[in-house]
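Input: one structure, supplied below.
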Amino acid sequence: MSIATIIRNAKVYQPEYAGRKDILILNGKIAAVGENLTADFGGCIEVREIQGEGMAAVPGFIDSHEHILGGGGEGGFHTRTPEASLKDLTMNGITTVVGCIGTDGIGRDMTALLAKAHGLENEGISTYAYTGSYQVPVRTLTDSILKDIMMLDKVIGVGEVAISDHRSSQPTFQEFARIAADARVAGMLSGKAGIINVHLGDSPRKLDLIQKVVHDTEIPASQFLPTHVNRNAALFDDCLQFAKEGGTIDFTGNEDIDYWETICDEVRVCKGIRRLLDMGISSDRFTISSDGQGSMPVFNARGEFQGIGIGKASCLLKEVRECVQKEDIPLETAVKGITSNPASVLKLSGKGHIKPGYDADICLLKEDTLTLDTVIAKGQVMVQDGKQVVFGTFEKA
Ligand code: ZN
């Protein structure tokens with residue numbers, strides 16, 4: 001028998017705050033948002049209720065940059081990072097993820113990335129991918145960026161192409177502009193974003209290549225989603241300028257922010273978003289991603305490998321919570337960075353909002369602590385009372 005679900009009396013953030021409402025979920029979609037909703041299907045459909053008192057209902061999180069297949073390897077083969085499991089995502093509120101390959105585009109390739117994305121989709125969440133890796137020329141699954149984006153359902157753009165980094169292929173302006181042009185045209189022809197997800201490294205060249213394409217060609221700033229914008233203060237200054245000119249910038253969350261802020265000049269996400277808002281830049285112009293399962297290698301000034309950590313998807317909610325609790329940014333604004341903003345810049349239809357007709361991807365957060373209580377993906381309860389209830393194929397109940 002089909003099941004309908006009603007979430008009762010939660011504070012609904014669509015992400016705009018809509019007041020205390022009920023949410024009716026039917027066939028994996030949000031059927032209605034309103035007060036005192038009733039659902040009577042004459043016994044044909046079982047109706048279940050979830051009590052939403054004391055909860056904030058926000059859209060399921062969209063992680064626009066995660067190494068679902070694992071990444072890393074910068075310290076040798078034993079430093080390749082593990083794949084993401086369903087639990088790594090749903091237990092952190094993520095109901096939509098965009099997979100990417102990082103430094104190593106040989107040991108990991110598009111065939112394996114797409115296989116992994118399909119696997120996670122089979123397990124209950126929504127998945128997409130960027131074609132390519134750090135490297136230029138971009139290593140695609142078919143013979144071109146255009147064909148990958150146009151003909152492979154899950155591929156929504158190119159990435160993460162690395163610039164301003166000692167691990168980058170050091171693309172020329174012409175090479176970089178060609179990638180952007182191909183992604184843009186493929187996006188237009190297929191109704192997708194055709195976004196170029198650009199890994200920004202630590203070098204003083206910052207986002208110069210992106211700026212040059214925007215200034216010297218007809219390709220607009222909106223075609224790019226530069227990531228790791230908060231990795232150092234000087235880079236972040238330029239990225240704010242890019243956002244001011246109509247670009248969207250992607251903060252990389254950090255599970256261990258205190259540590260990173262003390263050893264280098266990484267910009268704390270909540271402080272960066274506060275600055276962006278104070279400059280009068282639209283709250284639509286930022287996203288936060290986790291870089292989950294990506295490596296966090298530490299190099300010395302000579303570029304020699306010192307050690308490695310791993311990105312964690314748990315940083316997303318942590319960063320949003322910090323925005324609210326430390327910088328007094330309203331939840332409805334902060335949460336846009338992991339819901340409606342990535343949905344919009346990546347053109348993910350049916351995602352990022354709690355509104356009728358949208359996919360029923362919903363997180364219930366405890367109002368007082370902003371911790372995760374319930375996660376629903378495409379209408380299916382994945383996490384309940386903070387515990388995983390739907391398990392990945394090799395996860396134990
Ligand atoms: Zn990266």
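Since we're looking at a predicted model, the values are computed, not measured. Atoms within each ligand, like the ligands themselves, are counted from 1 in listed order.
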Ring-ring centroid check F242 F236, cutoff 6.0 Å: no
Results of side-chain hydrogen bond (donor to acceptor under 3.5 Å, both in side chains) for D237 - residues two or more places apart only: R275
Summary of salt bridge (Lys or Arg N to Asp or Glu O under 4.0 Å) pairs that have at least one residue in residues 283-299, sequence neighbours excluded: D284-K336
Under 3.5 Å side-chain donor-acceptor pair for S169 and Q135: no
Distance-only polar pair, side chains of E160 and H199, donor-acceptor under 3.5 Å: yes
Pairing residues for K347 by the side chain to side chain contact (heavy atoms under 4.5 Å, CB included) criterion, not counting sequence neighbours: A193
Protein-derived N, O or S atoms lying under 2.8 Å from the Zn ion (ligand 1), waters excluded: 3
